[in-house]
Undergrad: 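To start, I am sharing the structure in question, which I have written as C-alpha cells.
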Number of protein chains: 2
Amino acid sequence: MSSPALHSAVLDALGRSITSGDVAPGTPLTLEAIGAEHGVSRTVAREVMRLLEGLGLVRSRRRVGIVVLPMESWNVLDPRVIRWRLEGPGRDRQLRTLTELRHAVEPLAAAGAARHASPETRDELVDLATKMRVLGEHGDLTEFLALDIRMHELVLRSSGNELFGALAGVVAAVLSGRTHLGLMPASPVPEALDQHEEVARAVAAGDPAAAEAAMAAIVGEVRRALTED
Amino acid sequence: MSSPALHSAVLDALGRSITSGDVAPGTPLTLEAIGAEHGVSRTVAREVMRLLEGLGLVRSRRRVGIVVLPMESWNVLDPRVIRWRLEGPGRDRQLRTLTELRHAVEPLAAAGAARHASPETRDELVDLATKMRVLGEHGDLTEFLALDIRMHELVLRSSGNELFGALAGVVAAVLSGRTHLGLMPASPVPEALDQHEEVARAVAAGDPAAAEAAMAAIVGEVRRALTED
DNA sequence: GACAGGCCATTGGTGACACCAATGACTTGC
DNA sequence: GCAAGTCATTGGTGTCACCAATGGCCTGTC
C-alpha cells in the first residue's frame, strides 16, 4: 500500500464509486473533500481528479467544483473503466456489450491474422489449439482458460491492427470473468474445440475468409448463449 | 486556448511528440526537463506525466525518470491518442486501422439500432438520408459531410451498446479527415446515397439483418477504396 | 571478478501560497 | 416588488519549498 499505490488506490476507489453509480451524475465534489475522504493531500487529489477527467468520468470547473458526468461521456473503451464496470453492479451489461464488441471485432481480427501473422505466431496458434483439445477433454478448466485467453490474445495482437490488439486485455477479462462466473459449461463443448482448431488452421494456412468464418462461429455461439434477446 | 489550458497544452505537445515517434521509445525524461521545456512548474509537469502514464505513453519510475513506451502499450483506443496520431505522420496507418474498426463495428451497430433506436431517432435517420440525397446531388460537400457524420453518430449512439457509441467521435474524425484529405469523390456516388437510405429504412422498419447488410455495404466500399491490399 | 553496501538523483507526497473565474447573495434603482 | 448590477466568497489553477522513499550506479572489499 505504501510504495507504488497512493494514487491508484484513490483512483480505483473514486472510479469504482462513479462507474457503479454509487455517486450519481451531477454530484459535486471538491478537492478538499476527496483529500479528506481518502486521507490524502490536495495535490494527489488533484492528480486523481485529472485522471478521472481524462476518463470522462468528471468535469472540473472553477468555483463549482468537480461534477460527476453521466455515462454518455465516459471513456467506456478505456481498460480501467471497463475493469471498474466489470467489478461493479453493471457487470452483466458490461459483459453483454463487451461480448457484442468481440462479435464485431474478432472475426475481422482473425482474417487480419491470417494475412499478417508471423510464422512463429501461426505455429503457436496451431500448438495452442491442439493443447486446448487435450486439456478440454480432460476438463482442466483453469488451464484451459489460460490457453483460450492466450489464443484470442495472439489473434488480436497479430491482426495487423493495433486497435484490435488493444482489446486483448479486455477480452481476457471477459473470458476469465465468464468462467469464474460459472457461465461456461463444466467441460468445453466439442464444437468450440473444433472451431478453435479451425481458426488456428485457417490462420496458419493464410486463409482469411476461413479464419473469419471460424472465429465468427466461436463468438456467435458465445453471444447466443449469453444474450437470449 | 488561453484560460482553461495550461496543462492540456503541455499534454497535447508531449502526446503529439510521442505518438509521432518524434521522441523514441526508451527515451528518458525528467519532470524538471518537461517543466523547463514548456515553461511550466514541476507540479503541472507531474499532472501531465500522470495523464500520459494513464494513456500508456510513458512509464514513470523513481531514480530513472519517465521513459517513453513503445506503441504496443499505448491506449490506442483513447480518443486523444487517436487524434494525435491522426494529426501526425502515422495518419495513413491510423486511418486504415480506424476504417477497419468501422468495418467491424458499424454493421453490428446498425443491427443494434434497428432493435433499440427510439422512434425519434428512426425518424431523424430517414430524414437525414433524404436530405443527404438532395445535398449529394447538388454537390455541397461540407454540408453533406455534416449529415453523413450525424447519421453515423446516430446509428452508433442508438445501437444499445455504449462501447459502439464511444466510437462516434472517432468515426466523425475519420469521415471529416477523409473528405478534407481529398479521398472522397467530388460528388457522392449514387450507390452510397442508396445504401444510406437503405440503412435508414431498415433501422426505421426494425429490420436488423437488412440494416447490418446495408451498413456493411457502405463501409465495405469505403474500405475497398482505401486499402488496395 | 563478484558481491555488498552506500550514495544520490529523481519521483512520490505534503502544505502553503497567490491568483482568478464563476457564483450567488446583496445592493441599488426604478 | 422586481430587475439589473455589484461584490465578497468559494474552490479550482498554478507555483514553490520541502522531505521521504527508492532504486540505479558506483565504490570498495573479499
Side-chain angles (χ1 to χ4, degrees), chain A residues 1-18 23-70 73-75 80, chain B residues 1-18 23-70 73-75 80:
Chain A
M1 184 189 298
S2 55
S3 48
L6 225 170
H7 288 93
S8 354
V10 181
L11 178 67
D12 264 27
L14 264 299
R16 244 186 291 264
S17 59
I18 293 177
V23 355
T27 307
L29 307 172
T30 71
L31 291 176
E32 206 78 43
I34 293 176
E37 179 87 12
H38 300 82
V40 107
S41 76
R42 282 173 60 100
T43 309
V44 19
R46 271 170 55 169
E47 288 174 4
V48 168
M49 188 274 304
R50 285 262 194 271
L51 267 309
L52 291 175
E53 194 175 29
L55 295 176
L57 297 198
V58 304
R59 177 184 173 82
S60 154
R61 294 173 58 197
R62 282 192 172 172
R63 159 69 197 180
V64 66
I66 300 151
V67 294
V68 177
L69 297 179
S73 49
W74 298 352
N75 269 11
R80 282 162 299 189
Chain B
M1 186 188 300
S2 52
S3 45
L6 218 175
H7 70 272
S8 77
V10 180
L11 177 67
D12 263 28
L14 263 298
R16 245 185 290 266
S17 59
I18 293 177
V23 357
T27 307
L29 307 172
T30 73
L31 292 176
E32 210 76 44
I34 293 176
E37 178 86 12
H38 299 82
V40 108
S41 78
R42 190 166 165 266
T43 308
V44 21
R46 267 172 61 171
E47 288 176 3
V48 169
M49 187 275 303
R50 283 267 192 268
L51 266 311
L52 291 174
E53 195 175 29
L55 294 176
L57 298 197
V58 304
R59 178 182 172 83
S60 156
R61 295 172 58 196
R62 280 189 174 160
R63 162 73 197 185
V64 67
I66 299 150
V67 294
V68 178
L69 297 178
S73 48
W74 297 353
N75 268 12
R80 283 162 298 187

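Remember, predicted model here, so these are calculated numbers, not experimental data. In what follows, chains carry the letters A, B, and so on, assigned in the order in which the sequence lines appear, proteins first and then strands, with residues in each chain numbered from 1.
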Undergrad: Of all the nucleotides listed (C:dT14, D:dT13, D:dG14), which has the minimum atom distance to the side chain of A:S41?
TA: C:dT14
Undergrad: Across the strands shown, which category fits B:R61 at heavy-atom distances under 4.0 angstrom: base, sugar-phosphate, nothing?
TA: sugar-phosphate
Undergrad: Let me know the distance between CD of B:E32 and P of C:dG12, rounded to the nearest Å.
TA: 14 Å
Undergrad: Is there a donor N/O on one and an acceptor N/O on the other, under 3.5 Å, for the side chain of A:R46 and the base of D:dG11?
TA: no
Undergrad: Which part of the nucleic acid, if any, lies within contact of A:V64, taking any heavy atom under 4.0 Å across all strands shown: a base, the sugar-phosphate backbone alone, or nothing?
TA: nothing
Undergrad: Does the base of C:dT10 carry an N or O that pairs as donor and acceptor with the side chain of B:R63 under 3.5 Å?
TA: no
Undergrad: What is the distance, rounded to the nearest whole Å, between atom CE of B:M49 and atom C1' of D:dG14?
TA: 17 Å
Undergrad: Measure CZ/A:R62 against P/D:dT9 and give the value in whole Å, please.
TA: 19 Å
Undergrad: Which part of the nucleic acid, if any, lies within reach of A:I34 when heavy atoms closer than 4.0 Å are counted: base, sugar-phosphate only, or nothing?
TA: nothing
Undergrad: Under 4.0 Å, counting only non-hydrogen atoms across every strand here, what does B:R59 touch: a base, just sugar-phosphate, or nothing?
TA: nothing
Undergrad: Taking the side chain as every heavy atom from C-beta outward, state whether A:R46 and A:T43 have any pair of such atoms under 4.5 Å apart.
TA: no
Undergrad: Before giving the answer on side chain to side chain contact (heavy atoms under 4.5 Å, CB included), spell out for A:I66 and A:I34 the whole-Å C-alpha distance, their side-chain angles and the decisive distance to 0.1 Å.
TA: CA-CA 10 Å; A:I66 300 151; A:I34 293 176; 4.1 Å; yes
Undergrad: Taking CG from B:L31 and P from D:dC16, how many angstroms apart are they, rounded to a whole number?
TA: 14 Å
Undergrad: Mind checking if B:T30 touches a base, just sugar-phosphate, or nothing, with heavy atoms under 4.0 Å?
TA: sugar-phosphate
Undergrad: Just to confirm, is there a sub-4.0 Å distance from OP1 or OP2 of D:dG14 to any side-chain nitrogen or oxygen of B:H7?
TA: yes
Undergrad: Could you check how far CD of A:E47 sits from C1' of D:dG12, rounded to whole Å?
TA: 15 Å
Undergrad: Check the distance between D:dG12's C1' and A:R42's CZ and give it to me in whole angstrom.
TA: 7 Å
Undergrad: Touch check for B:T43, heavy atoms < 4.0 angstrom, all strands: base, sugar-phosphate only, or nothing?
TA: base
Undergrad: So does B:R59 pair up with B:E53, basic N to acidic O under 4.0 Å?
TA: no
Undergrad: Can you tell me which nucleotide in D:dG12, D:dG14, D:dA21 comes closest to the side chain of B:V44?
TA: D:dG14
Undergrad: In Å and rounded to the nearest 0.5 Å, what is the CZ to CZ distance from A:R16 to A:R80?
TA: 13.0 Å
Undergrad: Measure the distance from CD1 on B:I66 to C1' on C:dT11 and round it to the nearest whole Å.
TA: 8 Å
Undergrad: Do B:L57 and B:L69 touch side chain to side chain, with heavy atoms closer than 4.5 Å?
TA: no
Undergrad: Let me know the distance between CG of A:L29 and P of D:dG12, rounded to the nearest Å.
TA: 9 Å
